[in-house]
S.K.: 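Before anything else, here's the structure in question.
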Amino acid sequence: MAEKDENKEPAITEITPKSEDFSRWYTDLVRRAELADYSPVKGCMVIRPYGYAIWEFIQRGLDDRIKATGHVNAYFPLFIPKSLLTKEAEHVEGFAPQVAWVTRGGTEELEEPLVVRPTSEAIIGTMYAKWIQSWRDLPVLINQWANIVRWEKVTRLFLRTTEFLWQEGHTAHETAEEAEEETLKILALYKEFVETELAIPVIAGRKSESEKFAGAGRTYSIEALMGDGRALQAGTSHNLGQNFAKAFDIKFQARDKSLQYIWGTSWGMTTRLIGAVIMVHGDESGLVLPPRVAPYQVVIVPIPRGNWRETVLPHARQIRDSLVAAGVRVMLDDRDAYTPGWKFSEWELRGVPLRLEIGPKDIEKQQVMLARRDTREKLPTPVAGLPGRVQELLAAIQQSLFDRALAFQLDHTSRAATWDEFTKTMEGRPGFVVAPWCGDAVCEADIKAATQATIRNLPMEAAAGPGAPCVKCSRPSVSDAWFAKAY
RNA sequence: CGGGGCGUGGCUCAGCCUGGUAGAGCACUCGGUUCGGGACCGAGGGGUCGAAGGUUCAAAUCCUUUCGCCCCGACCA
């Protein structure tokens, strides 16, 4: 048998090449892989079963972690009366341009318009005011899984749609320290989740004043680097201080008998994470899904020969059953209508981490052919001990995806000390550029206007001693900042 | 919301400039041969050209309006 060119990338003609046009590649892929589709509703997408399955794994992984840290789930209304939203001044101002209004019910004008929640601080804060009386009622640690509506002007599948799905945690605490501790605990939880489950390395840090959440005291975020060199905010955790407590009158009687406002936090991650998975791991052949969130971790492609349904298929079924019994998510693609070659390409496009081929030759040798999606390596593997080997490989793929993404991130992170250096480095889509910043919002705005780059966040540990000169204005810096062009 | 581009079977697109009543490839259906990297042969089904209005004997094609989508900016998870 002639040696085949292992590096040959099959042409997926329906998808715009990633190297040619990243945006179109992304959109083509989302649709062709059947993750999501446009709907008749402007700005709203349909999450298709294959995409929703990924969301369900994200939900499960996050929900487990949220509960393991003592939080409980609840559900609050979709509608928020206008008067509630407007209680926190900064909050309304931040969200006013983005809210959808309900002004009629049936044929009657509503006395008070309702907004469709753009986030739930207002409605949840209102309820907390009723529920919290004493320090003994604290902390309140509630999470909600919900849909959110924000009237975005420009939408992109998964990354920004008018309606999206998320989880939002809302907590109330006795002290400022506790609230900060909670905020950071969740930030760390988010980082661990995204890195472990989605194999996406992230930069955790604090948002600048101008980038923080409307109404928050402090916002922290995790930022990931996409394959085109743009950054994506993957999750946020806000320390609300007493802002919302004061606006919504959430008070409790403290241990010293005094009446105090609670200290709040809120935090969320969204269906946007699916977009991040696509843009971080995807390649020219399509999706590459981290095994831990892949709807199918292994696809079995039987090689049809003669009466293969009697000869090959029973073996394939047996292997499937043994893998399923070991807890592996398996798709046995026994469709007649497609050739093996077609199925190889199709499931690569859909990002299945591991392919298992089984044909007459393999059966003779008591083996199967495994093929890794990430490296395209083909591995003849004995049937004996297969489930264990598959689990090892899935773990190895998960790890290698993370390593690869981390290497890419490091490779696309640079430092700039001077303005000249900064502007040169920031040309194109270089990824992260770390540079000292004076802390002045004016400088931040100037930098954005000149280069399109924004401060993604500020490192958690402030540098000791007086900072190097600000990259823009040369005044002493308060901190380094992670700059990038962002989604 | 500003700049640019595009809407023609399910998808990608040709036809439009120079009006004459709709095509290709892929996909789909049926039959057969195939199947270890997107198979082949034969036979079929499917669109009124984003929408509305106008010009004309005649409009996918020309004009006006409108809606939607994509890309780049400003805004955001």
Side-chain angles (χ1 to χ4, degrees), chain A residues 1-2 4-16 21-24 26-28 31-32 37-45 94-99 118-119 148-168 190 207 210-211 213-214 219 221-224 231-238 266-276 285-286 301-306 308 312 335-349 355-363 368-369 371 376 378 380 445 448-449 452 454 485-487:
Chain A
M1 194 197 288
K4 286 200 178 110
D5 183 359
E6 293 285 331
N7 296 321
K8 188 178 75 175
E9 297 254 332
I12 308 292
T13 47
E14 310 102 299
I15 308 245
T16 305
D21 184 340
F22 193 87
S23 289
R24 282 197 63 179
Y26 173 81
T27 306
D28 287 351
R31 303 185 70 194
R32 180 61 185 76
D37 203 354
Y38 295 110
S39 77
V41 190
K42 180 176 160 66
C44 294
M45 66 173 177
F95 280 104
Q98 289 186 273
V99 294
T119 180
I148 289 295
V149 168
R150 295 183 188 174
W151 219 258
E152 300 287 356
K153 287 169 181 154
V154 178
T155 59
R156 269 159 84 54
L157 294 168
F158 287 116
L159 301 180
R160 183 175 301 105
T161 45
T162 300
E163 180 188 12
F164 59 93
L165 306 181
W166 78 352
Q167 97 6 251
E168 50 178 327
Y190 280 171
K207 284 288 191 186
S210 50
E211 295 275 339
F213 174 72
T219 289
S221 74
I222 52 172
E223 305 280 334
L232 182 80
Q233 181 171 301
T236 48
S237 185
H238 315 292
S266 69
W267 26 275
M269 286 216 281
T270 78
T271 32
R272 165 181 267 196
L273 288 173
I274 297 172
S285 300
V301 179
I303 308 300
R305 275 287 160 71
W308 68 281
V312 178
R335 292 175 292 179
D336 288 303
Y338 302 100
T339 62
W342 187 89
K343 291 176 184 176
F344 296 169
S345 303
E346 179 68 10
W347 290 111
E348 271 171 18
L349 173 77
R355 179 177 72 240
L356 188 157
E357 303 166 28
I358 177 162
K361 293 182 224 163
D362 302 301
I363 292 166
V368 298
M369 187 65 81
R376 297 177 160 276
K378 282 207 174 190
K448 184 176 180 182
Q452 292 174 26
T454 51
K485 292 170 190 170
Y487 275 96

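Note that the coordinates shown come from a computational prediction; the quantities given were computed from them, not determined experimentally. Labels below follow one simple rule: chain letters A, B, ... track the order of the sequence lines, proteins then strands, and each chain is numbered from 1.
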S.K.: If the condition is salt bridge (Lys or Arg N to Asp or Glu O under 4.0 Å), which residues does Glu163(A) pass it with, not counting sequence neighbours?
M.R.: none
S.K.: Going 5' to 3' along nucleotides 70-77 of chain B, which nucleotides have protein heavy atoms under 4.0 Å from the base (write B), which only from the sugar-phosphate (write S), and which from neither (write -)?
M.R.: SSSBBSBB
S.K.: Between Arg305(A) (CZ) and G36(B) (C1'), how many Å, whole number?
M.R.: 7 Å
S.K.: For C69(B), does either OP1 or OP2 sit under 4.0 Å from a side-chain N or O belonging to Lys42(A)?
M.R.: yes
S.K.: Tell me every residue that passes side chain to side chain donor-acceptor pair (under 3.5 Å) with Thr119(A), counting only those two or more places apart in sequence or in another chain.
M.R.: Glu121(A)
S.K.: In chain order, what residues pass the salt bridge (Lys or Arg N to Asp or Glu O under 4.0 Å) check against Glu211(A), with sequence neighbours excluded?
M.R.: none
S.K.: For nucleotides 28-34 of chain B, print each protein N/O atom paired with a nucleotide N/O atom at under 3.5 Å, atom names and distance only.
M.R.:
{"unit_1": "C28(B)", "atom_1": "OP1", "unit_2": "Tyr338(A)", "atom_2": "OH", "d": "3.1"}

S.K.: Listed by chain and number, what are the salt bridge (Lys or Arg N to Asp or Glu O under 4.0 Å) partners of Asp37(A), not counting sequence neighbours?
M.R.: Arg31(A)
S.K.: Treat primed atoms plus P, OP1 and OP2 as sugar-phosphate and everything else as base, then score nucleotides 3-11 of chain B 5' to 3': B for base contact with protein heavy atoms under 4.0 Å, S for sugar-phosphate contact only, - for none.
M.R.: ---------
S.K.: Could I get the full list of side chain to side chain donor-acceptor pair (under 3.5 Å) partners for Tyr38(A), not counting sequence neighbours?
M.R.: none
S.K.: A cation-pi test, strictly: NZ or CZ of Arg355(A) under 6.0 Å from the centre of the six-membered ring of Phe344(A) and no more than 45 degrees from its axis. Yes or no?
M.R.: yes
S.K.: With sequence neighbours left out, write down each residue that passes ring-ring contact (aromatic ring centres under 6.0 Å, His included) with Trp308(A), or none if nothing qualifies.
M.R.: none
S.K.: What residues, two or more places apart in sequence or in another chain, satisfy ring-ring contact (aromatic ring centres under 6.0 Å, His included) together with Phe213(A)?
M.R.: His91(A), Phe95(A), His238(A)
S.K.: Tell me, please, which residues at least two apart from Phe164(A) pass ring-ring contact (aromatic ring centres under 6.0 Å, His included).
M.R.: Trp166(A)
S.K.: Can you list the residues that meet the side chain to side chain donor-acceptor pair (under 3.5 Å) rule with Lys485(A), with sequence neighbours excluded?
M.R.: none
